[in-house]
Amino acid sequence: MTATACQLSCVSCGDTPSSAGQDFRCAACGDLLEFKFVQWPQDSAALKHVWSQRRTLFKPLDESGVWRFRDMLPPVPEEHAITLREGNTPLYDLPRCARIAGVDALQAKHQGMNPTASFKDTGMTVAASAARAGGFRWVACASTGNTSASMAAYAARGDLHSLVLIPEGKISWGKLSQSLDYGALTCQLRTDFDGCVRILNQLVREKPVYLLNSVNPYRIEGQKTAAIELMEQMEWEPPDHIIVPGGNLGNSSAIGKALLEMLEMKLISRLPKLSIIQAEGANPFYRSVREFGGTRLEPMTADTMATAIRIGNPASWKKALRVLRATGGEVEQISELQIAEAKAEIGADGIGCEPASAVTLAGLKKLVRKGFVRKGESVVLILTGHLLKDPDFTIHFHRGDLFQGTPQAAQAPQISHLQRAPLVLDADLSAVVAALDSAERNS
Ligand code: F0G
């Protein structure tokens, strides 16, 4: 489907196997594999033109905001491509959030506007297509909910069977309901995300199932396109900063890889700083960088209400470290209260996102306070999931009981001004008018 030449390469020992094993790990040293491109299309202006031309066409692959950029993806035979017309996500201005954070120009690329409402679709379309091209019947993933929702949808579209391993009781109902409706065999395991990954890694050694977690390098390649599309939307003038949430660290790795490749191809002339934000209760990467200088990562038992990033042993930390260093970005951690506050602030800008995405705004505020992001610099937040992915969190926040019985309960009143609890009234006009008048007086 593309003329670009690429090969698999190990991130640690540099081995270049001709194909990957079931676990997508290097047979020589056990570390992760990635695609390296040995030859890029030469003419960057011509490439930009081809990409914008494809946007005007109605072939499924050209309508996809991922496959439109297939010249920067590993080849997959076109007849096996599974697409839900992913990508093509909006870049929004966030004027109120900009004022709150103390920067002049703040934008959000909303990856929650993908077909299954998270950024996972951009990688899944490529990796699920590779599974189909490889002749697999079953695909599988361990997930905090979004990967599984996405995988189940693409598997269903591609006539594949899907197996989902999720931590019991620790993912949102919205995400669980997606994988059920898309027909996955859904197993809620009595463990956390990291426990699900362990089981899955054992399973793929025993059964011919195709692994669709982000250790699969096709996922990373597809997820690169969010950054390519972002640069196109910014007319190839990069922002000063891009800020992403960090969980398993596939997304940060993918966006960083795209930035480095675009620089190499002269599609852009400078690199934005890519910063990665983690929740305090799920901060193994933050600790790796701050405490161990990135020399090692100590797995931890993770805990945060932002369940999408409740991950204690991130698979792609070495890839993420490399792009953090190469772009000069920062790593930050933020509290549960800061996540809830930032989520409500993004909502109040009319955009909305799930808790894990809101860590980006909370992190930005911290980076501004520390002077790492300056007022006049341009910033793009990557919002990874849609508001409706986790309505429970939002409802509990607005009703005021999100932090009940948690260590943050005493500080929760600090952000109560953002709460908009629903009013329960008699079916009576005067009651509604009184509510309206009161809201007007307080606005
Ligand atoms: N934001 C959302 C909404 C997510 O679902 C995830 C990861 C992340 C951020 C972090 O991205 O792992 O690439 O660093 N969700 C995975 C899942 C792990 O299973 O859905 P990452």
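Computed over heavy atoms, backbone and side chain alike; hydrogens, waters and symmetry mates excluded. Ligands are counted one by one from 1 in listed order, and the atoms in each one are counted from 1 as well.
Short contacts between ligand 1 and N146, defined as distances under 4.0 Å to a heavy atom of the residue, involve ligand atoms 2 (C), 3 (C), 4 (C), 5 (O), 20 (O). Short contacts between ligand 1 and I309, defined as distances under 4.0 Å to a heavy atom of the residue, involve ligand atoms 8 (C), 9 (C), 10 (C). Near S143, with a cut-off below 4.0 Å to any heavy atom, the atoms of ligand 1 are 17 (C), 19 (O), 20 (O). Within ligand 1, the atoms closer than 4.0 Å to a non-hydrogen atom of T147 are 16 (C), 17 (C), 19 (O), 20 (O), numbered from 1 in the order shown. Those atoms of ligand 1 that come under 4.0 Å of a heavy atom in K120, given as number and element, are 5 (O), 6 (C), 7 (C), 15 (N), 16 (C), 17 (C), 18 (C), 20 (O). Remark: ligand 1 atoms within the under-4.0 Å shell around heavy atoms of G247 are 10 (C), 12 (O), 14 (O), 21 (P). Residue contact check: G250 has heavy atoms under 4.0 Å from atoms 13 (O), 14 (O), 21 (P) of ligand 1.
For the pair R296 and F292, the cation-pi test (distance below 6.0 Å, angle within 45°) is passed.
Given atom 12 (O) of ligand 1, the protein heavy atom at minimum distance is N248 N, 2.7 Å. Looking only at heavy atoms of the protein, atom 2 (C) of ligand 1 is closest to T384 OG1, 3.4 Å. With respect to atom 6 (C) of ligand 1, the closest heavy atom belonging to the protein is F119 CE2, 3.7 Å.
In this model, a donor atom of one side chain and an acceptor atom of the other lie less than 3.5 Å apart for T89 and K109. Between the side chains of H386 and E354, no donor N or O sits under 3.5 Å from an acceptor N or O. Counted by atom type alone, T144 and K170 present zero donor-acceptor pairs between their side chains at under 3.5 Å.
When the ring pair (Phe, Tyr, Trp, His ring centres under 6.0 Å) test is applied to Y218, the partners found at least two apart in sequence or on another chain are F35.
Residue contacts with ligand 1, taken as heavy atom pairs separated by less than 4.0 Å, involve E354 solely via side-chain atoms from C-beta onward. Within the 4.0 Å heavy-atom criterion, neither part of V244 lies near ligand 1.
From Q7, atom CD reaches atom CD of E34 across 10.5 Å, with rounding to the nearest 0.5 Å.
Geometrically, ligand 1 and T144 share a nitrogen or oxygen pair separated by less than 3.5 Å. In terms of polar-atom proximity, L249 is counted as a contact of ligand 1, with an N or O under 3.5 Å from an N or O of the ligand.
At least one heavy atom of I311 sits under 4.0 Å from some atom of ligand 1.
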Worked check of side chain to side chain contact (heavy atoms under 4.5 Å, CB included) between R54 and R70 | CA-CA 11 Å; R54 285 183 188 148; R70 53 192 174 268; 3.4 Å; yes
Going through the checks in order, is the side chain to side chain contact (heavy atoms under 4.5 Å, CB included) test met by K318 and S12?
-> CA-CA 9 Å; K318 283 187 194 164; S12 279; 3.5 Å; yes
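Taking only non-hydrogen atoms, the option from N251, I166, D390 nearest to atom 13 (O) of ligand 1 is N251.
Taking the six-membered ring for Trp and thresholds of 30 and 60 degrees, Y210 and F136 have ring planes inclined between 30 and 60 degrees apart.
The six-membered or imidazole ring of H241 lies near that of F372, with a centre-to-centre distance under 6.0 Å.
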